[in-house]
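All figures in this text were calculated on a predicted structure; none of them were measured in a lab. Every chain is numbered from 1, with letters handed out A, B, ... down the list of sequences.
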Number of protein chains: 2
Amino acid sequence: MNKLKDFRHVILYGLLLAMLIFALKWLQWKFVLVDNAIDIYIGAIALFFTILGIWVASHIMKPKVETLIVEKEIIVQPPEVFTLNTSELQKLNLNSREYEVLQLLAKGHSNADIAANLFLSVSTIKTHVSNLYFKMDVKSRTQAITKAKQLKIIE
Amino acid sequence: MNKLKDFRHVILYGLLLAMLIFALKWLQWKFVLVDNAIDIYIGAIALFFTILGIWVASHIMKPKVETLIVEKEIIVQPPEVFTLNTSELQKLNLNSREYEVLQLLAKGHSNADIAANLFLSVSTIKTHVSNLYFKMDVKSRTQAITKAKQLKIIE
DNA sequence: GCAATTTTGGTACTAAAGTATGAGGATAAG
DNA sequence: CTTATCCTCATACTTTAGTACCAAAATTGC
């Protein structure tokens with residue numbers, strides 16, 4: 001598109017030059033007789049072609065581009081996505097049942113609730129919970145919840 | 001700065017014109033005698049001033065300013081910032097002591113710990129805790145912790 | 001198949017949590 | 001001054017949580 005536009009200007013420039021050759025020839029006959037007018041004639045040509053040059057340049061030449069970078073601040077909502085801390089979870093060395101119990105524990109369930117949920121006896125849950133406390137180095141379910149959330153091993 | 005640069009070009013252009021007046025006068029004496037050379041003379045002037053015009057244009061022309069908008073993502077709230085949910089806290093209608101107890105409760109403290117921390121008896125703590133459960137509509141400290149964290153009324 | 005671990009469950013006991021009820025002092029609002 | 005709310009504490013009781021110790025299936029790894 002730009003190349004086509006440039007080419008059009010070149011053609012236009014060529015046509016103008018052709019027309020000028022005739023115009024100048026005619027002017028030459030007019031002014032050459034009056035010897036003093038040669039300066040004005042030359043000046044007129046100089047002025048005309050200067051303007052022509054400026055016009056051509058302004059239409060053909062690639063414009064200088066100054067890039068102005070404007071930084072637009074976009075407010076991004078904090079993701080608040082839970083990312084499981086796998087390394088901390090591995091350190092605790094909990095087996096799958098203990099981890100299941102911990103998750104239900106943290107939801108506020110009682111031992112009886114957890115037992116019903118997992119189809120186990122309360123005795124079994126108590127055993128798991130005790131082992132859980134030992135491994136987590138805590139002494140109560142509230143401490144277990146607090147620590148588990150701090151370590152990001154549960155949601 | 002740019003205006004100064006433009007002005008310098010205008011001065012330069014003026015000086016070049018002044019020099020050309022003398023050059024042309026001299027050329028005029030040389031070529032005017034040979035009548036056929038007048039066309040070459042005019043052509044040379046036309047060519048010269050066209051190039052001059054182009055040169056002037058290329059130096060004076062204002063650069064095009066392109067505005068490039070760069071989107072910069074800014075995280076407004078770092079994920080770990082706690083913002084207290086005041087409205088939810090007001091709904092619960094907890095008095096100051098109850099709220100104090102709740103905070104210590106959520107840290108994993110036992111009733112005895114809380115009592116020692118606030119210089120109160122365990123009986124008092126039990127009373128506060130019971131009232132707390134009633135107002136929060138829960139049945140155990142684990143549920144209280146879970147709900148309080150969900151409602152964002154404690155850290 | 002054997003050893004190690006996991007998972008399950010029990011009993012017995014202690015500790016802590018939670019409920020119900022009452023009550024006295026402090027404080028603020030009407 | 002009275003009323004209401006808050007804050008404190010106590011007793012008596014029930015429930016739940018937690019510990020200690022044991023033991024038997026089930027599963028996994030070599």
Specify the separation, in whole Å, of atom CG of Asp113(B) and atom C1' of dA16(C). 11 Å
Rounded to whole Å, CG of Leu132(A) lies from P of dT19(D) at a distance of 11 Å
For Lys149(A), look at atom NZ and say whether over 12 heavy atoms of other residues, nucleotides or ligands are found less than 6.0 Å away. yes
Is any side-chain nitrogen or oxygen of Ser130(B) closer than 4.0 Å to OP1 or OP2 of dT19(C)? yes
For the helix from dG1(C)-dC30(D) to dG30(C)-dC1(D), what angle lies between the axis at the first five pairs and the axis at the last five pairs, to 10 degrees? 60°
Does the pair Thr124(A) and Leu118(A) meet the rule for a side chain to side chain contact (heavy atoms under 4.5 Å, CB included), with working shown? CA-CA 10 Å; Thr124(A) 307; Leu118(A) 299 178; over 6 Å; no
Do Val101(B) and Val129(B) have side chains that approach each other closer than 4.5 Å (heavy atoms only, starting at C-beta)? yes
Take atom CZ of Phe134(B) and atom C1' of dT21(C), then tell me their distance rounded to the nearest Å. 15 Å
Are there over 12 heavy-atom neighbours, none belonging to Phe134(B), within less than 6.0 Å of that residue's CZ? no
Taken to the nearest whole Å, CZ/Arg141(A) to P/dA17(C) is 11 Å
Met136(A) CE - dT19(D) C1' separation (whole Å): 18 Å
Short side-chain N/O contact to dT19(D) OP1/OP2 from Tyr133(A), under 4.0 Å: no
Take Leu102(A) and Ile153(A) through the test side chain to side chain contact (heavy atoms under 4.5 Å, CB included) and record every step on the way to the result. CA-CA 10 Å; Leu102(A) 175 61; Ile153(A) 58 175; 4.0 Å; yes
What I'd like to find out is whether the side chain of Leu151(B) reaches to under 4.5 Å of the side chain of Lys147(B), using heavy atoms alone. yes
Mind calculating the distance between CG (Asn117(A)) and P (dT8(C)) to the nearest angstrom? 13 Å
Under the salt bridge (Lys or Arg N to Asp or Glu O under 4.0 Å) test, residues paired with Lys135(A) that sit two or more places apart: Glu98(A)
Does some side-chain heavy atom of Leu105(A) sit less than 4.5 Å from a side-chain heavy atom of Thr142(B)? no
Are Ile145(A) and Leu84(A) in one and the same hydrophobic cluster, where Ile, Leu, Val, Met, Phe, Trp and Tyr link if side-chain heavy atoms are under 4.5 Å apart? no
Whole Å only: how far is the CD atom of Gln143(A) from the P atom of dA16(C)? 12 Å
Reading 5' to 3' through nucleotides 4-16 of chain D, protein heavy-atom contacts under 4.0 Å coded B for base, S for sugar-phosphate only, - for none: ---SBBBB-----
